[in-house]
Amino acid sequence: MLRGYVLTYLVFLYAPIVLLPIFAFNDSTVIAFPLTGFTTRWFEALPATPELVRSVRTSLSIAVSASILATLLGLCAARVNARYAFPGRAAVLGFVMLPLILPEILVAVSLLVVLLTLGVQLNALTVVLGHTLICMPFAIAILNGAFGNLDPAIEEAAIDLGCSRWQAFRMVTLPLIAPGIISSLLIGFTISLDEFIIAFFLTGSDPTLPVYLWAQLRFPARLPIVMALGTLLVALSVILLCGAEWVRRRGMRRSGRRDAGGFFA
Amino acid sequence: MATGASRADRTRGRLLVAPPFLFALLLLAVPLTVIVLFSFWSQDFLTLDRTFTLANYREALTDPLYRQLLFRSVWIAATVTAVTVILAYPVAYFLSFHVPPASKGLWLFLITIPFWTSYLIRVFLWKVILGFNGVLNTTLETLGLIDAPLSWVLYNATSVVITLAHAFAPFAILPIFVALERIDRSLIEASRDLGESRLTTFLRVTLPLSMGGIVAAILIVFIPTVGDYITPRLVGGPDGLMIANMIQTQFLRLNNAPMGAALSVLAMLSVGFVAAIVVLGLRRVAGLGR
């Protein structure tokens with residue numbers, strides 16, 4: 001009975017995703033059943049839509065910048081968590097996790113008000129700052145896990161054997177936490193790529209992909225193209241996820257740990 | 001953690017934590033403080049009046065429109081949270097207790113895949129499923145289960161709850177799964193050996209021990225749903241709109257930042273209030289169960 005329930009639940013989880021390729025290949029501008037025939041013209045229309053291509057490019061550059069920035073900041077915090085002690089450490093490390101427990105709309109409006117008050121021109125950079133802020137707690141959580149798997153004696157041994165602190169970190173610790181860094185980059189990239197509300201508030205004249213899609217949803221004729229794009233995005237994220245999982249498993253094997261399940265376990 | 005840290009180590013630690021700390025300070029703490037300040041000011045057409053006033057809060061709490069939106073946001077988020085966590089628990093339980101350890105990773109992967117696709121497109125697809133000529137109605141009509149399309153499934157609070165319960169499913173399943181995985185299996189055996197039935201073992205051992213995961217799941221689902229913007233706009237219709245939609249309208253359309261700020265602060269306070277109740281309340285329940 002439990003198995004039956006779980007299978008029904010999986011149907012519920014996959015219901016919208018299954019529809020995506022169906023309508024992407026359907027030869028009709030109306031997103032509804034019955035289907036009318038097979039076509040690939042929606043996919044062909046994708047590269048021929050310049051605003052779409054531009055928004056994809058904007059989103060990609062924002063996602064790359066935000067994930068790198070968040071991972072660098074996360075590395076600092078996770079390293080402190082694993083290695084250093086000082087009064088007030090817990091409060092500081094708790095504080096940097098705060099974006100995790102705030103609804104994103106609040107992050108968006110508060111940043112918007114400050115930027116407008118300061119007279120800052122809204123552009124891709126302001127979106128990067130907002131996205132870095134919400135990606136940072138995820139980077140810290142993932143990197144805490146990576147540092148936690150590490151025996152501090154290894155780095156101490158390197159220092160005892162004559163490495164400088166920086167050499168020990170770069171040549172010993174960094175390669176061992178590399179899988180965590182890659183996971184953190186991928187998660188940050190995915191979060192930023194999909195984030196809507198902060199981008200919606202902080203974007204200037206260059207919309208990100210979700211902001212562009214949001215505008216398209218009002219024009220029914222453009223919807224099949226959105227479906228085609230969605231299908232490509234699903235395929236892309238599944239490939240990315242498989243890549244991340246593969247890297248993580250390799251990292252697990254290298255540090256000699258038993259596989260605990262997935263990203264979150 | 002290093003024990004007996006030297007002064008040099010403490011300094012190094014502080015220097016290293018400075019970048020993320022300053023980043024969060026400048027981009028989170030300062031902006032939130034500014035929002036709180038704004039909420040005590042007022043907007044007089046194009047100029048901002050910086051004299052202290054409680055007028056925004058008075059209006060937000062007395063105007064039926066604002067009050068209703070705030071109340072509805074909390075109520076919808078609470079319903080979504082309850083539905084999501086209750087539906088997710090058996091799935092997490094199945095993953096932890098019935099799936100062989102070797103294939104747990106695969107199952108987790110299977111559950112998270114749908115959620116790495118664009119949130120916007122997923123919400124839109126629910127509109128396609130629940131719509132008047134949507135997938136659900138067409139299927140039910142073809143099967144002969146209904147004569148006319150159901151009109152109560154789209155553009156109201158119900159459709160918002162369904163869509164959000166889908167969107168936040170993995171955020172409920174994963175923490176509960178992690179909590180269940182941590183339970184020492186010998187405790188369950190002991191309970192059975194001492195004569196408890198399967199059901200009483202679950203109620204008196206497994207459920208209380210997984211309470212940490214349930215609390216985490218409730219918070220992870222509740223906090224972002226209170227402030228959700230896309231779902232109420234796309235599938236909510238006029239009766240499903242929530243506070244985030246009003247905050248956006250105040251800031252970007254009506255150019256009334258102080259009112260938007262007051263609504264933001266109230267939304268933040270309700271999130272904090274409910275979160276505190278959940279944490280304290282369920283901790284007590286878990287304490288009594290032991």
Side-chain angles (χ1 to χ4, degrees), chain A residues 2-3 5-6 9-10 12-17 19-20 31-33 73-74 76-77 79-80 83-86 89 92 95-96 98-99 101 103-107 109-114 117 129 133 136 190 194 196-197 210 213-214 217 226 230 233-234 237-238 241 245 259 261-262 264-265, chain B residues 1-2 5 9-10 12-14 16-17 19-21 23-24 27-28 30-32 34-35 38 87 90-91 94 98 104-105 108-109 111 113-114 116-122 124-126 128-129 133 135 138 166 169 174 178 181 223-224 226-227 229-230 244 247 251 257 260 264 267-268 271:
Chain A
L2 188 57
R3 182 173 281 270
Y5 170 77
V6 172
Y9 195 83
L10 279 180
F12 168 65
L13 289 190
Y14 276 83
I17 313 307
L19 292 175
L20 204 48
I31 307 287
F33 284 114
L73 293 170
C76 295
R79 169 93 171 149
V80 168
R83 176 79 176 70
Y84 296 103
F86 52 87
R89 193 187 73 135
V92 170
F95 173 69
V96 294
L98 212 60
I101 58 156
E104 280 174 13
I105 178 109
L106 298 179
V107 176
V109 293
S110 59
L111 275 173
L112 178 78
V113 166
V114 168
T117 310
L129 290 178
L133 189 69
M136 187 169 69
T190 325
D194 196 32
F196 170 74
I197 194 77
L213 286 181
W214 178 255
L217 291 182
V226 173
L233 286 178
V234 174
S237 34
V238 170
L241 263 183
E245 180 66 12
D259 195 347
F264 308 92
Chain B
M1 202 170 100
D9 251 13
R10 283 204 293 272
R12 252 182 232 117
R14 285 206 187 92
L16 197 55
V17 89
F21 177 71
F23 190 83
L27 280 106
L28 190 72
V30 171
L32 287 180
V34 172
I35 281 286
F38 259 79
L87 288 180
V91 180
F94 176 79
H98 292 270
K104 276 180 186 174
L108 284 175
F109 196 47
I111 282 170
I113 282 181
W116 292 101
T117 64
S118 167
Y119 177 52
L120 201 60
I121 293 181
R122 258 186 290 140
F124 173 75
L125 286 165
W126 274 107
V128 173
I129 294 177
N133 286 319
V135 178
T138 329
H166 178 266
L174 292 169
V178 171
E181 282 288 277
I223 292 168
V226 173
Y229 175 83
I230 294 179
I247 293 177
F251 274 103
S264 306
M268 227 177 324
V271 167

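Each chain gets a letter, A, B and so on, in the order its sequence line appears, and its residues count up from 1.
Interface remark: A/Leu13 contributes backbone and side-chain atoms alike to the contact with chain B (heavy atom separation under 4.5 Å). For A/Leu133, the parts sitting under 4.5 Å from any heavy atom of chain B are the backbone and the side chain alike. A/Leu10 touches chain B through its side chain: at least one heavy atom from C-beta onward sits under 4.5 Å away, while N, CA, C and O do not. If you measure heavy-atom distances from B/Phe251 to chain A, the contacts under 4.5 Å come from the side chain alone. Only the side chain of A/Tyr9 has a heavy atom closer than 4.5 Å to any heavy atom of chain B.
The shortest distance between side-chain heavy atoms of B/Leu28 and A/Val96 does not fall below 4.5 Å. At least one side-chain heavy atom of A/Tyr84 sits under 4.5 Å from a side-chain heavy atom of B/Arg12. The side-chain heavy atoms of A/Leu213 and A/Phe196, taken from C-beta on, include no pair separated by under 4.5 Å.
Residues meeting the side chain to side chain contact (heavy atoms under 4.5 Å, CB included) test with A/Leu2, sequence neighbours left out: B/Pro90, B/Tyr93, B/Phe94, B/His98.
For the residue pair A/Gly230 and B/Ile121, the shortest heavy atom distance occurs at CA-CD1, 3.5 Å.
Between chain B and the residues A/Val113, A/Leu19, A/Ile197, the largest count of heavy-atom pairs under 4.5 Å involves A/Val113. When A/Leu106, A/Leu233, A/Thr117, A/Val234 are compared by the number of non-hydrogen pairs under 4.5 Å with chain B, A/Leu106 comes out ahead.
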